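None of the values given here were measured: they were computed from a predicted structure.
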Amino acid sequence: MTIIFLSDFSFVLLSAAIIDHVIGDPRSWLHPTMIMGYLIESGKNWSLACTSKRKYLRLLGILLNLTMVIGSGIVGFLIVKLCDQISSYLAIAISALILASCFATRSLTDAAEEVISKDVSLPQMRQCLAQYVGRDTAGLNRDGIYRALLETIAENTPDGVTAPLFYALLGALIPGIGPVPLSLSYKAASTLDSMIGYKREPYTYIGWFSARLEDYLTWMPCRLTVLTLAVLSRQSKRILAICKRDAPKDPSPNSGWSEAAYAAILNVQLGGINTYQGIQRIKPKLGDDLESISPNTIKRSLMLMRSCFWLWLTGGIALIEFLR
């Protein structure tokens with residue numbers, strides 16, 4: 001079936017993007033990551049209660065990861081198929097709603113704007129920021145808050161915006177799959193990494209596979225994101241040169257590249273001392289310290305993120321329609 005002038009998959013992708021742009025993730029709605037989070041937490045607790053031996057925790061971590069990643073894709077596929085048996089229109093609507101929950105464009109925008117809106121009160125800015133970042137915020141000044149915000153946007157552009165779209169487009173191009181299953185699977189991998197993909201106890205062994213898999217799954221979308229941002233900046237050569245210079249300094253194979261790209265485009269420097277649960281960590285400096293980070297810098301970074309998303313979406317839909 002074709003709706004208006006687009007194929008079903010293209011219409012689902014466009015509808016999901018519009019839903020995310022207009023509505024985002026209302027806190028009163030049941031979000032797929034809430035279900036994923038509950039299952040991951042339950043699986044983690046059960047695994048840690050079963051054994052303390054390193055090799056068994058590694059195996060249980062792999063089992064938990066594959067069950068969640070593959071299972072999420074299968075569940076998404078079956079939900080869409082079941083809805084399609086009832087009505088193709090219902091299948092399209094449910095697909096768009098599920099897919100929209102995988103995109104974080106609106107939620108990242110809302111979070112950043114909420115923190116900026118508290119600019120008149122530093123304690124309120126810190127309290128608000130603490131809802132969205134993992135670092136300690138109690139001792140941050142305004143410069144530290146703005147840097148934390150920009151680093152969060154830069155790091156989450158691949159993880160929460162372009163990578164889910166990348167896998168949705170990939171699924172739409174594979175016959176018989178569709179955009180929902182692969183995007184949900186990636187969302188599960190990303191959620192696993194954010195919950196248990198740490199090097200500290202008790203996650204050291206149970207979470208190592210989750211961290212590695214998410215790194216591999218994000219590698220290609222992250223590089224394409226950096227290239228897209230460089231093109232959007234109209235200074236591709238300079239941006240890519242700074243990324244090549246600075247990104248390898250970061251221990252993360254992905255966030256260093258996206259943060260370096262944003263830093264280069266916005267003429268700011270990211271990295272430095274961050275505190276997590278009272279423990280200081282020094283992140284490498286990325287970019288050149290040419291301008292200070294301000295609310296306007298944050299707004300420009302959000303515009304870059306949205307432009308990148310919509311450029312990918314437009315190009316992806318054009319490719320789907322061309323191949324159709």
Side-chain angles (χ1 to χ4, degrees), residues 25 27 29-80 98-99 101-104 107 130-136 152 155-156 158-160 163-164 166-168 171 177 180-222 250-256 274-281 283:
D25 297 320
R27 295 181 182 180
W29 289 17
L30 179 63
H31 197 281
T33 55
M34 295 171 62
I35 301 173
M36 292 176 186
Y38 172 79
L39 294 174
I40 292 168
E41 185 69 16
S42 300
K44 180 205 73 174
N45 292 337
W46 179 83
S47 300
L48 292 174
C50 282
T51 183
S52 60
K53 292 185 177 180
R54 179 186 307 181
K55 63 179 181 179
Y56 294 129
L57 284 175
R58 285 180 179 269
L59 289 173
L60 288 172
I62 294 173
L63 179 62
L64 173 61
N65 185 284
L66 295 180
T67 300
M68 287 299 306
V69 172
I70 297 174
S72 295
I74 292 174
V75 168
F77 179 83
L78 292 177
I79 289 174
V80 174
I98 295 175
L99 193 57
S101 72
C102 295
F103 301 150
S107 57
Q131 301 177 64
Y132 305 111
V133 300
R135 71 189 70 183
D136 299 340
T152 299
E155 182 178 353
N156 283 281
D159 295 353
F166 174 87
Y167 286 103
I177 299 297
V180 170
L182 293 188
S183 193
L184 266 183
S185 288
Y186 177 79
K187 198 69 176 179
S190 180
T191 305
L192 280 156
D193 179 55
S194 65
M195 290 185 67
I196 64 173
Y198 300 105
K199 294 181 180 180
R200 66 175 187 270
E201 293 292 344
Y203 308 105
T204 308
Y205 304 112
I206 195 173
W208 72 275
F209 185 79
S210 295
R212 288 289 183 86
L213 181 63
E214 199 273 344
D215 284 343
Y216 288 131
L217 291 176
T218 309
W219 194 93
M220 180 59 71
C222 180
D250 196 287
S252 169
N254 296 312
S255 63
N274 295 336
T275 305
Y276 300 89
Q277 298 179 342
I279 301 173
Q280 285 192 345
R281 285 177 52 191
K283 293 194 65 177

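- With sequence neighbours excluded, no residue forms a side-chain hydrogen bond (donor to acceptor under 3.5 Å, both in side chains) with D159.
- Separation of atoms CG (D215) and OG (S255) is listed at 8.5 Å; rounding is to 0.5 Å.
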Under 3.5 Å donor-acceptor pairs involving side-chain atoms of residues 50-57, not counting sequence neighbours:
residue: T51; atom: OG1; partner: K53; partner atom: N; Å: 3.1
residue: R54; atom: NE; partner: Y205; partner atom: OH; Å: 3.3
residue: R54; atom: NH2; partner: Y205; partner atom: OH; Å: 3.4

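- Between F166 and P221, the shortest heavy-atom distance links the atoms CD2-CG, 3.6 Å.
- With sequence neighbours left out, F103 forms a ring pair (Phe, Tyr, Trp, His ring centres under 6.0 Å) with F309.
- Separation of atoms CG (N65) and CD1 (I40) is listed at 8.5 Å; rounding is to 0.5 Å.
- For Q277, the side-chain contact (heavy atoms from CB on, under 4.5 Å) partners are R200, not counting sequence neighbours.
- Note: I98 CD1 to I79 CD1 = 4.5 Å, rounded to the nearest 0.5 Å.
- Partners of Y203 according to the ring pair (Phe, Tyr, Trp, His ring centres under 6.0 Å) rule, which considers only residues two or more places apart in sequence or in another chain, are Y198.
- Among all heavy-atom pairs drawn from I196 and K44, the shortest one is CG2-CD, 3.9 Å.
- With sequence neighbours left out, V133 forms a side-chain contact (heavy atoms from CB on, under 4.5 Å) with L129, R135, T137, T152.
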Worked check of side chain to side chain contact (heavy atoms under 4.5 Å, CB included) between W219 and N254: CA-CA 6 Å; W219 194 93; N254 296 312; 4.1 Å; yes

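- Looking at T204 and K199, their side chains never come closer than 4.5 Å, going by heavy atoms from C-beta outward.
- With values rounded to the nearest 0.5 angstrom, S194 atom OG is found 9.5 Å from N156 atom CG.
- Atom CE of M195 has more than 12 neighbouring heavy atoms from other residues, nucleotides or ligands inside a 6.0 Å radius.
- Every side-chain contact (heavy atoms from CB on, under 4.5 Å) that K283 has, sequence neighbours left out, goes to D250, E259, N274.
- Taking the side chain as every heavy atom from C-beta outward, L64 and W46 never approach each other to under 4.5 Å.
- What you find for G171 and I177 is that their closest heavy atoms are O-CB, 3.6 Å.
- When all heavy atoms are compared, the tightest approach of G278 to D136 is N-OD2, 2.7 Å.
- Among residues two or more places apart in sequence or in another chain, the side-chain contact (heavy atoms from CB on, under 4.5 Å) test is passed with L39 by I35, M68.
- With sequence neighbours left out, S183 forms a side-chain hydrogen bond (donor to acceptor under 3.5 Å, both in side chains) with no residue at all.
- T33 meets the side-chain hydrogen bond (donor to acceptor under 3.5 Å, both in side chains) test with H31; sequence neighbours excluded.
- Within 6.0 Å of the OH atom in Y216, the count of heavy atoms belonging to other residues, nucleotides or ligands does not exceed 12.
- For the pair F209 and L66, the minimum side-chain heavy-atom distance is below 4.5 Å.
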Would you mind writing out the side-chain donor-acceptor pairs for residues 185-192 within the sub-3.5 Å range, not counting sequence neighbours?
residue: S185; atom: OG; partner: V69; partner atom: O; Å: 2.8
residue: S185; atom: OG; partner: G73; partner atom: N; Å: 3.3
residue: S185; atom: OG; partner: P181; partner atom: O; Å: 3.2
residue: Y186; atom: OH; partner: E214; partner atom: OE2; Å: 3.3
residue: Y186; atom: OH; partner: T218; partner atom: OG1; Å: 2.8
residue: K187; atom: NZ; partner: C102; partner atom: O; Å: 3.3
residue: T191; atom: OG1; partner: K187; partner atom: O; Å: 2.7

